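Structure first, then comments.
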Amino acid sequence: MKILITGISGAIGQLLCHQLLTQGHEVIGLDRREWTDAPPGVRVFLADIRKRPAEDVLRTQRPQALIHLATTALYEERAKYLPRRRERILDEQCRINLGGTRTLLEYCAEYGVERFVFVGRHTVYGASHDSPLYHTEDEPPLAVASFPELADLCAADLFAASALWRWPQMSTAILRVVYPLGPSRRGTMASFLRSGRVPTVLGYDPLFQFMHEEDVARAISTAVEAGLRGLFNVAGPAPLPLSLICKELKILALPIPEPLYPHVLGRFGFPRLPDTDLAHLKYPVVVDDSLFRASTGFAPRFDEGQTLQAFVGTRNEERGTR
């Protein structure tokens, strides 16, 4: 099968590419970033998914399947550098996530793509005091209430789901994947833990759900091969309390009274976070992935201890080279 991966130059994209190659698929990529050491035979086209050159890739290459990894969280990455340009950053993020997803789906329908996989986030369910412990696919994305910066990702998730009836000839799967964690040390959760000092909210110890980034790549490739259609939560081992994660990683966790929390972010060695992220550090966002496992037979290869060890092992290697 000829498979196009958008966002192939990212950590998950590269792992997914290698995974698909071992399964005998032909892989091409689309990204704004170069992948200088891409495997032989893998063509990476440099283009913005919203622009005409991206359409040319689908028109000329005619992939049978497309895996959409090219969503972004510009606000998370840039908030610490550009705190006063919030609206402009969020507008650009919306254009990439929602506008890019819509454009890609229209291209896929026009050029006969048979399978489309949208890789989203489990955090679209939102975090609140009255939400269920385990979220199922029947629940709507409600993250806008607790985390407005995820509004565009929620909208992209919903638009991808609309492809199920807009273009019924195409098998569309929406994967709501838990936090990836592993040697690359990239991603939302990795960025939060990477500083080595984690501010927690006094009186709260939420569950965090994560999986090894290699298992994430395997789960996505499994969804493509199975030709899944519908909404699916994707998870790995059992969730762990944030305090236990910090203990296992030997990271200093400091409880901060809630009124003072926004004032310590980005200071005293703590990571910079959006002020509205507070709900995610008070209440858990945990998903039920039984539907995905039953539909594909998927089982993670890495448990929670191995996943944390892969992350902390890379940190120790980085320290050893300094």
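Small disclaimer: the values here were computed from a predicted structure and weren't measured.
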Original post:
Side chains of Glu55 and Tyr111: is there a donor and an acceptor less than 3.5 Å apart?
Top reply: yes
When every non-hydrogen atom of Phe118 is compared with those of Asp157, the smallest separation belongs to CE2-CA, 3.8 Å
*With a cut-off of 6.0 Å (strictly less than), are more than 12 heavy atoms of other residues, nucleotides or ligands near NZ of Lys2?*
yes
Pro63 and Leu58 have their tightest heavy-atom pair at CD-O, 4.0 Å
Is the side chain of Asp288 donor-acceptor paired with the backbone N or O of Tyr134 at a distance under 3.5 Å, no angle test? no
| message | Is there a salt bridge (charged side-chain N to carboxylate O under 4.0 Å, His left out) between Arg102 and Glu106? Walk through the geometry before answering. | response | CA-CA 6 Å; Arg102 176 180 178 178; Glu106 291 172 348; 3.2 Å; yes
Here the pair of heavy atoms bringing Leu30 nearest to Ala54 is CD2-CB, 3.9 Å
* Relative to each other, are the rings of Phe116 and His68 parallel, tilted or perpendicular (30° and 60° limits)? -> tilted
CG (Leu278) and OH (Tyr283) are apart, to the nearest 0.5 Å, by 8.5 Å
For this session: Could you go through the side chain to side chain contact (heavy atoms under 4.5 Å, CB included) check for Ile96 and Arg32 one step at a time?
Result: CA-CA 12 Å; Ile96 294 172; Arg32 294 192 297 179; 3.7 Å; yes
*asked:* Is it the case that the side chain of Glu139 and the backbone of Tyr125 share a donor-acceptor pair, with hydrogens and angles ignored and the cut-off at 3.5 Å?
replied: no
#### Entry: Donor-acceptor pair, side chain of Thr101 and main chain of Leu98, under 3.5 angstrom
no
One should read off an interatomic distance between Ile67 CD1 and Leu20 CG, to the nearest 0.5 angstrom, of 5.0 Å
inquiry  = I want to check something: taking the side chain as every heavy atom from C-beta on, are Leu240 and Leu308 in contact at a cut-off of under 4.5 Å?
reply    = yes
Would you say that Leu158 contacts Pro141 through its side chain, given a criterion of any heavy-atom pair below 4.5 Å between the two side chains?
yes
Distance col, row Met1:CE vs Glu26:CD, nearest 0.5 angstrom, shows 12.0 Å
Would a 4.5 Å heavy-atom cut-off, applied to side chains only, mark Val234 and Asp289 as touching?
no
CD1 (Ile12) and CD1 (Ile220) are apart, to the nearest 0.5 Å, by 6.5 Å
Here the gap from Glu137 atom CD to Arg176 atom CZ, rounded to the nearest 0.5 Å, amounts to 7.5 Å
One should read off an interatomic distance between Leu21 CG and Ile3 CD1, to the nearest 0.5 angstrom, of 9.0 Å
Please check if Ile245 and Leu207 belong to a single hydrophobic cluster, counting links between Ile, Leu, Val, Met, Phe, Trp and Tyr side chain heavy atoms closer than 4.5 Å.
no
Exercise. Same cluster for Val119 and Leu164 if Ile/Leu/Val/Met/Phe/Trp/Tyr side chains link at under 4.5 Å?
Worked result: no
Would the distance check show the side chain of Arg194 and the main-chain N or O of Arg185 forming a donor-acceptor pair, the cut-off being under 3.5 Å? yes
Would you check if there is a donor-acceptor pair between the side chains of Ser184 and Glu213 at a distance under 3.5 Å?
yes
| Judged by atom type as modelled, is there a donor-acceptor pair below 3.5 Å linking the side chain of His25 to the main-chain atoms of Val27? | no
Margin query: Closer than 3.5 angstrom, by distance alone: can the side chain of Tyr261 be matched with the main-chain N or O of Pro199 as a donor-acceptor pair?
Written below: yes
Looking only at heavy atoms, the pair that brings Ala163 and Leu105 closest together is CB-CD2, 3.9 Å
Applying a strict under-4.5 Å side-chain criterion to I, L, V, M, F, W and Y, I'd like to know whether Trp167 and Leu4 cluster together. yes
Donor-acceptor pair, side chain of Asn233 and main chain of His135, under 3.5 angstrom: yes
Near-ring test His122/Tyr179, centroid separation under 6.0 angstrom:
yes
Less than 4.5 Å apart, side chain to side chain, heavy atoms only: is that true for Tyr204 and Leu281? no
Inset, instruction - State plainly whether one hydrophobic cluster holds both Leu252 and Phe311, where clusters connect Ile, Leu, Val, Met, Phe, Trp and Tyr through side-chain heavy atoms under 4.5 angstrom apart. - result: yes
When every non-hydrogen atom of Pro237 is compared with those of Phe210, the smallest separation belongs to CD-O, 3.4 Å
| request: Taking Arg229 for its side chain and Met170 for its backbone only, find out whether a donor-acceptor pair lies under 3.5 Å. | output: yes
Review point. So do the side chains of Gln209 and Val287 get within less than 4.5 Å of each other, counting heavy atoms only?
Key: yes
Fill in: side chain to side chain contact (heavy atoms under 4.5 Å, CB included) between Cys17 and Trp35, intermediate numbers included
CA-CA 12 Å; Cys17 176; Trp35 185 7; 3.8 Å; yes
Beyond-backbone contact of Ser171 with Leu228, side-chain heavy atoms, under 4.5 angstrom:
no
Within a reach of under 6.0 Å around CZ of Arg62, are more than 12 heavy atoms found that belong to other residues, nucleotides or ligands?
yes
**Prompt:** When clusters are formed by joining ILVMFWY residues with side-chain heavy atoms under 4.5 Å apart, either directly or through shared neighbours, do Ile251 and Leu244 land in the same one?
**Reply:** yes
Next on the checklist: Could you walk me through whether Glu225 and Thr222 satisfy the side chain to side chain contact (heavy atoms under 4.5 Å, CB included) test, starting with their C-alpha distance in whole Å, then the side-chain angles of each, then the deciding distance to 0.1 Å, before giving a yes or no?
Outcome noted: CA-CA 5 Å; Glu225 290 202 312; Thr222 300; 6.0 Å; no
Of all heavy-atom pairs linking Ile49 and Tyr107, the shortest is O-CE1, 4.1 Å
### Query
How far apart are the C-alpha atoms of Leu181 and Met211, what are their side-chain angles, what is the distance that settles it, and do they pass the side chain to side chain contact (heavy atoms under 4.5 Å, CB included) test?
CA-CA 6 Å; Leu181 200 63; Met211 63 190 298; over 6 Å; no
Original post:
With a 4.5 Å heavy-atom cut-off, do Leu104 and Leu66 have their side chains touching?
Top reply: yes
In Asp31, Ile5, Ile8, Val117, the residue satisfying side-chain contact (heavy atoms from CB on, under 4.5 Å) with Leu69 is Ile5
With under 30° as parallel and over 60° as perpendicular, where do the rings of Phe292 and Phe232 fit, or are they tilted in between?
perpendicular
N/O donor-acceptor pair under 3.5 Å between Asp215 side chain and Pro300 backbone: no
### Task
Decide whether Asp205 and Ser243 meet the rule of one side-chain donor and one side-chain acceptor closer than 3.5 Å.
yes
_Counting only heavy atoms not in Glu34 (residues, nucleotides, ligands), do more than 12 fall under 6.0 Å from its CD?_
no
Original post:
With distance as the sole test, does Arg115 use its side chain to make a donor-acceptor pair with the main-chain N or O of Val224 at under 3.5 Å?
Top reply: yes
In the structure I gave you, are the side-chain heavy atoms of Lys282 and Glu258 within less than 4.5 Å of one another anywhere?
yes
